[in-house]
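Presented below is the structure to which this report refers.
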Amino acid sequence: MNKSNPSLEHNERSHSSLPDPLDLKSIEPGASQITYQHQTYQHKTIADADKTLNCILDVIAEGTWDWDGKTGSVLRSTAWFEMLGYEVGTFQQNVYTWENVIHKEDYDKVMQSFEKIITHQTDSYCIDYRCRKSDGSYLWITDRSKAVEYNPDGSVARIIGAHQDIHQQKKAQLSLFKQNQQLELGNTTLEKLISIKTEQLEAKNKQLEEKILEIERLANTDSLTNIANRKKFEEALNSEISRANRYEHALSFVIFDIDHFKLINDSFGHKIGDQVLQNMASVVVNNIRDIDVFARWGGEEFVLILPCITIEAALNFSERLRQLISQTELSKGVYITCSFGVSEYHNTDTVEDLFHRADQALYSVKNNGRNSVQCEKINADPISTSNCTTNQL
């Protein structure tokens, strides 16, 4: 009679107790499988699978992002922040963060690619462009994205993408391209190209860029209050209208002016009047969000663009702002009041329509005693705010 081999029996029992990777019945309901090369992750719960996925996202070089079209929120991996030199979690989870770091020369082509996905002309894109880092410099990245979910009406419900650092490759590519151009034109020789002092050239380019930025800042800034001027405001309003249409976000507009400002100049002098304007502007700047646009329209009249804000929220905010201004001593012994008109963007509006309704509301306030807030007469349904996560001030 043959004796059984205890070691063999143990091994057989051990192997028979393991789930067969090809037998889906051996995986508990709700489990998740992720196949990577020749290995397979097996998780008993979705939470375990999510933990593995998040750990992978934290260590890979690419910065990943996940846009939820239903809420407007954008989740970004740790690597995304680290790649651009920002502290993890610094930015709000919305599209403004991404749009605001895109180089202005690349912005239009990036938006064209993104809108092709939004309008279902394609389900993916791959594009190279520059993003602003925390130190103000720009990094070349490759942006790959894919629409992974759609709503019943065919609109995009979710897009996932990844940003990859290609800065060194791009610099080498551009450098080679310039050298080839110069060689082809016969303007220089290979020996001269090697002798170019790169650091000096970069320093001069940086100085030139700083001067250009300073000129742009001066061209777009009100010299007295140091906020946006009328030119900058008009550009921003057109941009925010395009963004509201793109993401189906709410958008509100506020125009207000200082009541009886001429009396301040007549009673205290223009120097005090200027001080009042400056201090009042500072009060507003300190009580709005980074994505809001505040500008001096002219004289004692000011305007506000409030992205992702419904007219109800804009009314509440304007009332709080009115109270705050009226309770603040803007110069020694000088207090002021302001009148506010509020309107909300509708998807058939022109810039003139939006401005006209707010202006009419402002005139109604002035005709009824000033120092209050009034909104437009609503004759159309405003854009839905279901896709916006920052609709409160």
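Not measured: the values here are computed from a predicted model. What's counted below: heavy atoms across the whole structure, side chains too, no hydrogens, waters or symmetry copies.
In this structure the side chain of Ile141 reaches within 4.5 angstrom of the side chain of Met83, judged on heavy atoms. Put simply, the side chain of Ile227 does not reach to within 4.5 Å of the side chain of Val284, judged on heavy atoms. Put simply, the side chain of Glu329 reaches to within 4.5 Å of the side chain of Tyr335, judged on heavy atoms.
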(request) Mind running side-chain contact (heavy atoms from CB on, under 4.5 Å) on Phe91 and Phe81 for me, showing each step along the way? (result) CA-CA 9 Å; Phe91 299 122; Phe81 290 94; 3.9 Å; yes

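Glu235 is linked by a side-chain hydrogen bond (donor to acceptor under 3.5 Å, both in side chains) to Lys231, counting only residues two or more places apart in sequence or in another chain. Remark: Asp108 engages no residue in a side chain to side chain contact (heavy atoms under 4.5 Å, CB included) (not counting sequence neighbours). Checked against side chain to side chain contact (heavy atoms under 4.5 Å, CB included), Arg132 has the following partners two or more places apart in sequence or in another chain: Tyr86, Val101, Tyr138. For Glu105, the side-chain hydrogen bond (donor to acceptor under 3.5 Å, both in side chains) test picks out Arg130, with sequence neighbours left out. By the side chain to side chain contact (heavy atoms under 4.5 Å, CB included) test, Ser267 pairs with no residue at all, sequence neighbours left out.
Ring pair Phe302/Trp297: centre-to-centre distance not below 6.0 Å.
A 6.0 Å sphere centred on NE2 of His356 holds no more than 12 heavy atoms belonging to other residues, nucleotides or ligands.
The aromatic rings of Trp98 and Trp65 lie parallel to each other, with less than 30° between the two planes, well short of the 60° mark.
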Could you give the side-chain donor-acceptor pairs of residues 252-261 under 3.5 Å, partners two or more places apart or in another chain?
unit_1, atom_1, unit_2, atom_2, d
Ser252, OG, Ile309, O, 2.6
Ser252, OG, Thr310, O, 3.4
Asp257, OD2, Lys366, NZ, 2.5
Asp259, OD1, Ser339, OG, 2.7
Asp259, OD2, Thr337, OG1, 2.7
Asp259, OD2, Asn371, N, 3.1

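With hydrogens and angles disregarded, a donor-acceptor distance shorter than 3.5 Å links the side chain of His167 to the backbone of Trp140.
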